[in-house]
Q: 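What follows is a structure written as C-alpha cells; I'll ask about it next.
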Amino acid sequence: MIKFTVTHDLAKGYAATEALRSLINDKKALNATVEVAAEGAVKEHLTTHYAGRVNRLGGTSTGYWKRAIENTTGTSDAAGATISINQTGIRLKYEGGVIRPSGKTSEVTGKPIRFLSIPVHPAAHGRTIADLGGKSAFYVVPFAAGGGFSEGGTGAAAGVFRQSGGKRSDSDPLYFILKRSVTIKADRNLLPSEDAVGTAITEALRIYFSPGTP
Amino acid sequence: MTAAELFQHKTPVPSEMTSAEWGRVRLEVRERAYFMACVSQAEILQIYQDETGKYIRGDQSQADTRQALRERLAATGYAPRPGEEGGIKDLTSLRRMDVVLRTNSRMAANKAAYDKQLLALKVFPARRMVRMTPKRVPRNWRARWAVWQGTPGVNAGEMAALHTSPVWTGLSRFGAPYAPYDFGSGMGDLPVRRDEAKALGLLDGPAPAPAPAGGMRMEDGKPVVIPSFNENLQATPVVTSPSIQRKLAEDLEGLAILKPDGTLIYTDPNGTRPVPAAEVAATIATPNKADIPLHQAEVLRTWAEEGPATFTRDSNALYHFRRLIRRVEPMAGNEPLSLSRAFPTPEAREKVLSGLQPGGRWTPRAAPFPFTAFAKEDPGKAVSGDDADRAALQLILRVVAHRHAKDLTPAVDAIADEDVHGHHVLFERGHTFRVLEMSRSETAVTVTLSEGEEGAP
C-alpha cells in the first residue's frame, strides 16, 4: 500500500456567504467531491501510463494495474486529501528497494526460503511453484560457476525446470530462476505530481462552489 | 464505506446454488451476502471470507492468500470430488481461487467508488468506461454501447454516460451499475467532471435525476424517500443445521430475523423496510454485534426529548427521521387525532382560521421540520386546549379520518426517557386535509378535518 497527501485551502478566494457556508457545511458532499477528484487524478494517471502494459514474458495479465487503479481510494478533511493505493507491492515499485527471501517455510521444500523464484516463462507469470502443481512438477538445476541461463540475466543461483514427462529431458522448459535478491528500481512517475492532483481538486471545488451548478 | 468495510459487512450464506442461480438473485442480496457457487459448508465459506478479506485489505498478496487457502482447506480435510481436481469446482484450484479473489475484490472496490461518486454528482455527474487491462482477444464493448446510442445521458461513441444512467446495469452481465461488467473483463470506469460531461452532451435533454443527497429524489415533481438498499432484502440460506441456524440468528440480532421457514429477513435498523408501529422500537433500537450505529433510534430519542429543534442543528438527523417515518405503516384511519395550538392574540388566531373555512382545504405549512404532529385522542377525555388561562386563544384541530398518519407512540414510549411534546402521530409535509366543520365555544375554536383521497402528497 502507498499513501500520499495533498493540501488545499478551502477558504482561499471565496467569500464566506451563507450559500457558501451551507456548501462547506455539507461535509459528506464536499469530502466526496475532493476524494473523487483526487482518486480520479491518480486513477487516470495509472490508466494512461500503466494499465496498457503487457507482461514482458508474454504471459496472461494478472490484472495487477487494474487492481491498483480500482483500489485507489481517498480520504479527506479540511486540510487536504490522502490518497491510498491498496495494492501489494506498489510502494516497492514507487520507492524502489531490494527484495530478499522472507525466511518463511517454503511450501515446496519445507525448509526456510533462501531464494526468490523469478518467473522467466509466460506460464509462470504471476504464479508460484505451489500454484503450478508443487514440487513434484519441477526440478532444480544449480547454476554452476561460469554457467548460467540466458533468460535469467546475472545473479541466478539455479534454474527451476518444469518436468514434462516421467524423466528429465532437454526440452523441459525453464519456468523460474532462483536468486538471492532482486533490486527494484524506484519509479517516481508511478504517481501523478502533487501539483496535478492539487489542480484536479481545485478544479472540482471551482465547480462545486460555482453558483450556477445545479 | 471502503471496499474492505463493505466486504467485512457481508453475511456468509452457505448454499448449494450455482453461479447461474445466484445470478438470478436480486443484486441487493448479492451485495450483502458472501457466497460461493455450490458451497454449502459454513466452515469453508468462512475460511474463504477470512482470507479474501485479508487480500482486499491489502494485508496479504494474492499468492500468499492462495497458499493460506490451500493450507486451511487441507486442515479441514477438504478434497475435491474425483474428476473435479484442478477444475473450477475444485476449491483449491488456481482457477477457482483466482476467480473468487478477483471477483470479490473488484466488486467491493467498485461498489465503494460507485457509492462515493453518488455523493459527488454535482461535480462528477458521469463516468467513462476505460480499458484497465489489455486482453489478447478483447470483447467488442463499442458494439455493446452502440445499442444505447440516443438514450438521454449517454454518449455511446465515447463510452460515457451519466453516473445514474441505466446503461451501466444494462451493460453489466451481473446487473450491477459498476465494474466488473463481465467475467474476466478488463474494463473499468473513471469519473467524468461536469464540464466534460457537458461537452460530451451528457447533460443535454431531460434534466438528470437530482442527486439522492438527503435520502430524497423527485418523482412526478414530488420528493419521495429513496428506498433503502435493503428494503426488500431477504434470503433463504440453505442452512439445515439447527445449531448453525441459531448461531446465524444470534449473530444477526438487531439486523435480521430468521423466520421459522428458514427465510432470513434483513430488518435493517437504519433502513426503510415497512414495519408496524408496535414493532418499530424492536426494529430500530436492538443493539447488534456488528456495532452498526442505530441512527433512527437516536434521532427518534432526540426528537422526543428535545423537540424538532434538533433538525435545524443536524441535517443528517432529518435524513434519518424521514426514513424512519417512511417505514412506519399507517395507523388505523378512523382513530381520531387532535392538535391544539395557542395564539398570543385573537387576531392571530383569526388569521389562521381564515384558511380553515368549512368546505375548503388545508395544507399545513411545516418548515423547517417537515411534519405536522398530532396526538391520539383519549376517548374518555374531552378535547380541550392545554392552557386553561388562554382558552379563549386556543385552536383545536381534529382529524377524524386519515390514511397516512404514522404513529410513533409505542416507539417513543420504549426508547425515550423524556417526552417534551406528547404529539407522536405525524403527517409528512404536503398532505392536504378537507375542512369538514368549525365550532366555536367559550373555551376554544375546534376545526374538524378529514384527509381525503387527494390527501397524499
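Side chains are part of it too, since the values below use all heavy atoms of this structure and drop only hydrogens, waters and symmetry mates. Every chain is numbered from 1, with letters handed out A, B, ... down the list of sequences. These numbers were taken from a predicted model, which means no experiment stands behind them.
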Q: I need the residue from A:Thr72, A:Val36, A:Leu46, A:Thr33 with the largest number of non-hydrogen atom pairs under 4.5 Å to chain B.
A: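 Highest number of pairs under 4.5 Å: A:Val36.
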
Q: Is any side-chain heavy atom of B:Arg193 closer than 4.5 Å to one of A:Ile207?
A: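 Heavy-atom side-chain distance check passes, below 4.5 Å.
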
Q: What's the shortest heavy-atom distance between B:Leu119 and A:Ala32, and which atoms?
A: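 Distance-wise, the nearest heavy atoms are CB-CB, 3.6 Å.
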
Q: Identify which of B:Gln117, B:Met97, B:Lys116, B:Gln62 forms the greatest number of heavy-atom pairs closer than 4.5 Å to chain A.
A: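 Greatest number of close heavy-atom pairs with chain A: B:Lys116.
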
Q: With sequence neighbours excluded, what pairs up with B:Arg96 under the salt bridge (charged side-chain N to carboxylate O under 4.0 Å, His left out) test?
A: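 Salt bridge (charged side-chain N to carboxylate O under 4.0 Å, His left out) check on B:Arg96 returns nothing, list empty.
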
Q: Tell me, with the steps shown, if A:Glu203 and B:Asp195 meet side chain to side chain contact (heavy atoms under 4.5 Å, CB included).
A: CA-CA 10 Å; A:Glu203 193 56 29; B:Asp195 47 353; 4.2 Å; yes

Q: Determine the option with the most heavy-atom pairs under 4.5 angstrom with chain B, choosing from A:Thr73, A:Thr62, A:Asn71.
A: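 If we count pairs closer than 4.5 Å to chain B, A:Thr62 comes out on top.
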
Q: Are the side chain of A:Lys66 and the backbone N or O of B:Thr133 linked by a donor-acceptor pair below 3.5 Å?
A: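 Between the backbone of B:Thr133 and the side chain of A:Lys66 there is no qualifying donor-acceptor contact (under 3.5 Å).
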
Q: Name the region of B:Arg131, side chain, backbone, both or neither, that has any atom closer than 4.5 Å to a heavy atom of chain A.
A: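 For B:Arg131, the contact with chain A is made by the backbone alone.
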
Q: For a quick check under 3.5 Å, do A:Arg67 and B:Tyr55 share a side-chain donor-acceptor pair by atom type?
A: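 The criterion, which ignores hydrogens and geometry beyond distance, is satisfied for B:Tyr55 and A:Arg67.
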
Q: Looking only at heavy atoms, which two atoms of B:Pro134 and A:Ala51 are closest? And how far apart?
A: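 Answer, listing the atom of B:Pro134 first, then A:Ala51: CD-O, 3.0 Å.
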
Q: I'd like to know whether CZ of B:Arg139 has more than 12 heavy-atom contacts from other residues, nucleotides or ligands below 6.0 angstrom.
A: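 Yes, CZ of B:Arg139 has more than 12 neighbouring heavy atoms, counting only those of other groups under 6.0 Å.
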
Q: So which pairs with a foot in residues 83-127 of chain B pass ring-ring contact (aromatic ring centres under 6.0 Å, His included), sequence neighbours left out?
A: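 Counting only pairs at least two positions apart or across chains, the ring-ring contact (aromatic ring centres under 6.0 Å, His included) contacts touching residues 83-127 of chain B are B:Tyr114-B:His163, B:Tyr114-B:Tyr178.
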
Q: Keeping the roles fixed (side chain from A:Lys28, backbone from B:Ala120), state whether a donor-acceptor pair exists under 3.5 Å.
A: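 No; zero donor-acceptor contacts below 3.5 Å.
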
Q: State the CE-CD1 distance between B:Met132 and A:Ile69, to the nearest 0.5 angstrom.
A: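 Reported to 0.5 Å precision, the distance equals 4.5 Å.
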
Q: Tabulate, in ascending numerical order, the residues of residues 84-94 of chain B having at least one heavy atom closer than 4.5 Å to a heavy atom of chain A, or enter 'none'.
A: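 At a heavy-atom separation under 4.5 Å, chain A is reached by B:Leu94.
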
Q: Should B:Lys122 and A:Tyr208 count as side-chain neighbours, where that means a heavy-atom distance under 4.5 Å?
A: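 Yes, their side chains come closer than 4.5 Å.
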
Q: Counting only heavy atoms closer than 4.5 Å, note whether A:Arg53 contacts chain B via side chain, backbone, both or neither.
A: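 The backbone, not the side chain.
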
Q: Please look at A:Thr47 and chain B and tell me whether the side chain, the backbone, both or neither of the residue comes under 4.5 angstrom of a heavy atom of that chain.
A: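 For A:Thr47, the contact with chain B is made by the side chain alone.
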
Q: Go through the atoms of B:Ala179 and report whether side chain, backbone, both or neither lie under 4.5 Å from a heavy atom of chain A.
A: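 Just the side chain, heavy atoms under 4.5 Å.
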
Q: Side chain from CB out, backbone as N, CA, C, O: work out which of these in A:Ala68 comes under 4.5 Å of a heavy atom of chain B, or both, or neither.
A: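 Neither the backbone nor the side chain of A:Ala68 comes within 4.5 Å of chain B.
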
Q: With salt bridge (charged side-chain N to carboxylate O under 4.0 Å, His left out) as the criterion, how do B:Arg95 and A:Asp131 come out once you've worked through the C-alpha distance, each side chain's angles and the decisive distance to 0.1 Å?
A: CA-CA 10 Å; B:Arg95 197 170 152 213; A:Asp131 290 337; over 6 Å; no

Q: Out of B:Asp189, B:Val130, B:Asn110, which one racks up the most heavy-atom pairs below 4.5 Å with chain A?
A: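 Ranked by heavy-atom pairs under 4.5 Å with chain A, first place is B:Asn110.
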
Q: What residues, two or more places apart in sequence or in another chain, satisfy side chain to side chain contact (heavy atoms under 4.5 Å, CB included) together with B:Asp59?
A: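 Counting only residues at least two positions away or on another chain, B:Asp59 forms a side chain to side chain contact (heavy atoms under 4.5 Å, CB included) with B:Lys54, B:Arg57.
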
Q: Is atom NZ of B:Lys198 surrounded by more than 12 heavy atoms (other residues, nucleotides or ligands) closer than 6.0 Å?
A: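 At most 12 heavy atoms, drawn from other residues, nucleotides or ligands, come within 6.0 Å of this atom.
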
